[in-house]
K.L.:
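Pasting a structure here, questions to come.
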Amino acid sequence: QVQLVESGGGLVQPGGSLRLSCRASGIFLRFDSMGWYRQAPGKQREVVAVVTRGGATNYADSVNGRVTISRDNAKNTVSLQMTSLIPEDTAVYYCNADVLNYGGNRRGWWGQGTQVTVSS
């Protein structure tokens with residue numbers, strides 16, 4: 001099975017920075033989209049940033065300008081550089097990767113999540 005493993009979460013003060021990393025492993029797959037999602041207690045999981053295999057990116061309005069997503073297709077990794085963190089960024093951050101079949105359907109996998117806490 002495909003496994004996604006996140007790292008880089010932790011406790012940071014407001015205004016600080018964190019870099020989250022995710023590696024997909026198990027079997028060879030040509031992933032299409034890779035991205036980061038987050039979920040705070042009592043709230044739905046929401047998209048943070050997504051990057052396609054070709055490098056096109058999309059950011060949530062809440063983080064646009066403060067985060068940068070990048071990927072290394074050869075290593076099957078995706079990273080999220082987060083700066084100017086605010087308490088509202090506190091959540092469990094999940095890595096996601098998917099494949100796109102010729103019918104236009106997607107099949108994806110989730111990591112276990114890594115906790116990001118922004119607090120003074």
K.L.:
Short question: side chain of E6, backbone of G113 - any donor-acceptor pair under 3.5 Å?
P.N.:
yes
K.L.:
Got a sec: does the CD of Q112 have more than 12 other heavy atoms crowding it under 6.0 Å?
P.N.:
no
K.L.:
Is there a side-chain contact between T90 and V116, using heavy atoms and a 4.5 Å cut-off?
P.N.:
no
K.L.:
Which pairs count as side-chain hydrogen bond (donor to acceptor under 3.5 Å, both in side chains) when at least one residue sits in residues 52-63, sequence neighbours excluded?
P.N.:
R38-S62
K.L.:
With no hydrogens and no angle check, just 3.5 Å: does a side-chain donor-acceptor pair link N73 and R71?
P.N.:
yes
K.L.:
Kindly indicate whether the side chain of L18, heavy atoms from C-beta on, has any atom under 4.5 Å from the side chain of L85.
P.N.:
yes
K.L.:
Among the clusters formed by ILVMFWY side chains lying less than 4.5 Å apart, do W36 and V2 turn up in the same one?
P.N.:
yes
K.L.:
What's the shortest heavy-atom distance between V47 and V50, and which atoms?
P.N.:
CG2-CG2, 3.6 Å
K.L.:
Could you walk me through whether R19 and S70 pass the side chain to side chain contact (heavy atoms under 4.5 Å, CB included) test, one step at a time?
P.N.:
CA-CA 11 Å; R19 182 178 177 85; S70 60; 4.1 Å; yes
K.L.:
Ignoring hydrogens, what is the shortest heavy-atom contact between A40 and A91? Give both atom names and the distance.
P.N.:
N-CB, 3.9 Å
K.L.:
With a 3.5 Å distance limit and no angle check, can you tell me whether R23 reaches the backbone of V5 through a side-chain donor-acceptor pair?
P.N.:
no
K.L.:
Is there a path from F31 to L20 through hydrophobic residues (I, L, V, M, F, W, Y) whose side chains come within less than 4.5 Å of each other?
P.N.:
yes
K.L.:
Any salt bridge linking R107 with D98? Criterion: basic side-chain nitrogen under 4.0 Å from a carboxylate oxygen.
P.N.:
no
K.L.:
Hey, does C95 have a side-chain heavy atom less than 4.5 Å from the side chain of W110?
P.N.:
no
K.L.:
Which atoms form the tightest heavy-atom contact between R106 and S33, and what is the distance?
P.N.:
NH1-OG, 3.5 Å
K.L.:
Return the CD to OG1 distance between Q81 and T68, rounded to the nearest 0.5 Å.
P.N.:
7.0 Å
K.L.:
Out of curiosity, R66 CZ to S17 OG, how far, rounded to the nearest 0.5 Å?
P.N.:
10.5 Å
K.L.:
Are Y37 and E46 packed together at the side-chain level, in the sense that at least one heavy-atom pair is separated by less than 4.5 angstrom?
P.N.:
no
K.L.:
Are V51 and L80 grouped together when hydrophobic residues (ILVMFWY) are joined by side-chain heavy atoms under 4.5 angstrom apart?
P.N.:
yes
K.L.:
Report yes or no: do Y94 and W109 belong to one cluster of Ile/Leu/Val/Met/Phe/Trp/Tyr joined by side chain heavy-atom distances under 4.5 Å?
P.N.:
no
K.L.:
Please examine the side chains of L4 and C22, heavy atoms only from C-beta on, and report whether any two atoms are closer than 4.5 Å.
P.N.:
yes
K.L.:
Does any part of the side chain of Q13, heavy atoms only, come nearer than 4.5 Å to the side chain of S119, both counted from C-beta?
P.N.:
no
K.L.:
Got V48 and Y93 here, is their nearest side-chain heavy-atom distance under 4.5 Å?
P.N.:
yes
K.L.:
Kindly indicate whether the side chain of T117, heavy atoms from C-beta on, has any atom under 4.5 Å from the side chain of V12.
P.N.:
no
K.L.:
Tell me whether the count of non-hydrogen atoms from other residues, nucleotides or ligands lying under 6.0 Å of CZ in R30 goes above 12.
P.N.:
no
K.L.:
Distance-only, no hydrogens or angles: does the D89 side chain make a donor-acceptor pair with backbone N or O of V118 under 3.5 Å?
P.N.:
no
